[in-house]
Structures are given as C-alpha cells and as structure tokens.
Amino acid sequence: MGALKTLIPCLALLLFVSMISFSEAREFEFGGKRPSWELPSSPDDFSKWAQRNRFQIGDSIVLTYDAKSDSVLEVTEKSYKTCNTSNPVKSYTDGNTKITLDKSGPFFFISGAEGHCQKGQKLEILVLSAKHHSLGHSPAPSPAETHHHHLAPAPAPASGGSGLRVGLMSGATVVAILALV
Ligand SMILES: *[C@@H]1O[C@H](CO)[C@@H](O)[C@H](O)[C@H]1NC(C)=O
C-alpha cells in the first residue's frame with residue numbers, strides 16, 4: 001500500500017520525462033506506406049496527412065518512390081500552386097528522400113513526374129515556430145517570432161545542462177521504482 005502511494009508520483013514523473021523526450025526532433029514516414037510518394041487515391045490525401053501531424057523545426061520527413069519515374073521537388077508557393085516544375089528550390093531523385101525541416105513556416109513539395117502534381121501529388125508542410133515547443137527545447141528564435149514576442153510567454157532560458165538534468169531525473173525515477181519493486 002505504502003509502496004503504491006510512492007509509485008504513482010514516480011510514474012507521473014516518468015511520464016513527464018518521456019513527454020520531454022517527445023519534443024526532440026522526430027522523423028515522419030510520409031503516408032505510412034511504401035512507396036508513399038505517388039499519385040494519391042484522392043486529391044486531398046496528402047493534405048490530410050499533413051494536417052494530422054505537428055511538425056517542428058528539426059523534424060524530418062521521409063518520402064519513398066520509384067527513382068526511375070518520379071522525384072520530389074521543393075518549390076516556392078507560386079510554383080506549388082501552378083504545379084510549375086521548371087525551377088525548383090531543390091530536387092531529390094534518390095527514391096528514398098529524407099528532408100529535414102530546418103526552419104519554421106511552410107514547405108512546398110511537388111512531384112517531378114509529368115502531370116502528377118496536377119493530379120494531387122503535392123504536399124504542403126507547415127512547420128511550427130519555436131515558441132510552440134514545450135519547455136524551451138528550442139533553437140534560437142527566428143526573426144518572425146521575435147516579432148510577436150510580447151504575445152508569447154518568455155521562452156525558458158537555454159541551458160546547456162538541461163539534457164543532463166533530464167537524464168539524471170529519469171535515472172533517479174528508475175532507481176526509485178526499482179527500489180519499490
Ligand atoms: C515556371 O517557372 C519559371 C521559373 O520560375 C518561369 O520562367 C516560367 O514562366 C513558369 N512557367 C509557367 C507556366 O508559369
């Protein structure tokens with residue numbers, strides 16, 4: 001009985017610590033199937049997938065496709081809207097493309113295969129700005145954020161020791177739980 005009373009706060013702490021780890025960079029397998037980057041079965045499939053997920057700076061997405069017949073083009077918003085493949089920002093052709101979302105704001109991707117973008121093979125990813133990060137695990141704020149700084153709560157001071165502290169905390173939790181068992 002006494003042990004159970006101690007165990008519950010410990011478990012709560014463990015849960016809290018694992019939530020912190022979830023705010024670290026994640027890798028998203030686009031579409032959840034392989035190959036994923038191909039003509040969608042319905043035109044809004046890709047935007048539905050994008051809306052189900054929350055992307056943060058440092059996360060990455062992985063797109064798989066047949067490198068012989070398709071490619072991924074990162075384009076401007078204008079080219080995205082008009083499906084203009086002629087002058088991409090970046091182009092990826094290796095069939096298994098990992099793209100790191102290294103800034104906040106929208107990213108636009110379209111298929112390089114003839115006519116595919118027009119049939120809905122296009123993807124807009126909105127990367128949340130650093131202030132959406134929990135617990136201040138964020139890189140330096142971009143100019144866009146400093147702009148609305150007065151609206152947002154002050155970010156936690158960046159501290160080099162926070163990773164270590166989290167490590168020590170989870171270590172202590174495990175020890176506490178083991179001691180009770
Ligand atoms: C596509 O983009 C290129 C370069 O940005 C531009 O020169 C061309 O006119 C555009 N084509 C169409 C059809 O809009």
Side-chain angles (χ1 to χ4, degrees), residues 20-158 163:
I20 295 176
S21 342
F22 277 122
S23 72
E24 300 295 325
R26 292 163 302 169
E27 189 174 300
F28 292 87
E29 173 90 30
F30 170 66
K33 66 182 172 88
R34 284 169 171 261
S36 56
W37 185 243
E38 55 183 6
L39 285 178
S41 37
S42 86
D44 59 352
D45 268 6
F46 289 3
S47 50
K48 275 189 196 146
W49 180 84
Q51 280 157 18
R52 270 201 309 273
N53 292 295
R54 285 168 65 84
F55 303 96
Q56 297 183 329
I57 297 170
D59 290 348
S60 52
I61 55 169
V62 177
L63 303 108
T64 52
Y65 49 93
D66 182 355
K68 289 195 287 293
S69 57
D70 211 333
S71 60
V72 180
L73 306 180
E74 185 182 335
V75 295
T76 60
E77 181 169 11
K78 188 160 176 257
S79 296
Y80 176 84
K81 287 194 171 135
T82 56
C83 286
N84 186 340
T85 56
S86 68
N87 200 2
V89 176
K90 273 183 201 148
S91 98
Y92 304 91
T93 55
D94 61 354
N96 190 343
T97 295
K98 178 173 164 176
I99 299 164
T100 301
L101 306 167
D102 54 3
K103 58 178 169 60
S104 63
F107 282 76
F108 301 97
F109 303 102
I110 63 175
S111 165
E114 179 84 43
H116 280 204
C117 172
Q118 287 83 350
K119 291 179 185 143
Q121 194 180 340
K122 58 200 306 212
L123 177 66
E124 177 180 354
I125 298 278
L126 184 64
V127 179
L128 301 173
S129 57
K131 67 170 177 280
H132 292 274
H133 277 252
S134 50
L135 300 158
H137 266 248
S138 47
S142 75
E145 275 134 31
T146 29
H147 197 69
H148 343 74
H149 220 97
H150 55 286
L151 296 173

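Start at 1 and go down the list; that is how both ligands and their atoms are numbered. Residue numbers start at 1 and run along the sequence shown.
What sits closest to atom 3 (C) of ligand 1 on the protein, heavy atoms only, is Ser86 OG, 3.2 Å. The protein non-hydrogen atom at the shortest distance from atom 11 (N) of ligand 1 is Asn84 ND2, 2.9 Å. With respect to atom 5 (O) of ligand 1, the closest heavy atom belonging to the protein is Asn87 CB, 3.9 Å.
Within the 4.0 Å cut-off (strictly below), no protein heavy atom is located near atom 7 (O) of ligand 1.
For residues 38-49, the salt bridge (charged side-chain N to carboxylate O under 4.0 Å, His left out) pairs, not counting sequence neighbours, are Lys33-Glu38, Asp44-Lys48.
Within a 6.0 Å sphere centred on NZ of Lys103, other residues, nucleotides and ligands contribute more than 12 heavy atoms.
When side chains are defined from C-beta on, Phe30 does not count as touching Tyr65, because their heavy atoms never get closer than 4.5 Å.
When the side-chain contact (heavy atoms from CB on, under 4.5 Å) test is applied to Ser71, the partners found at least two apart in sequence or on another chain are Leu73, Thr93.
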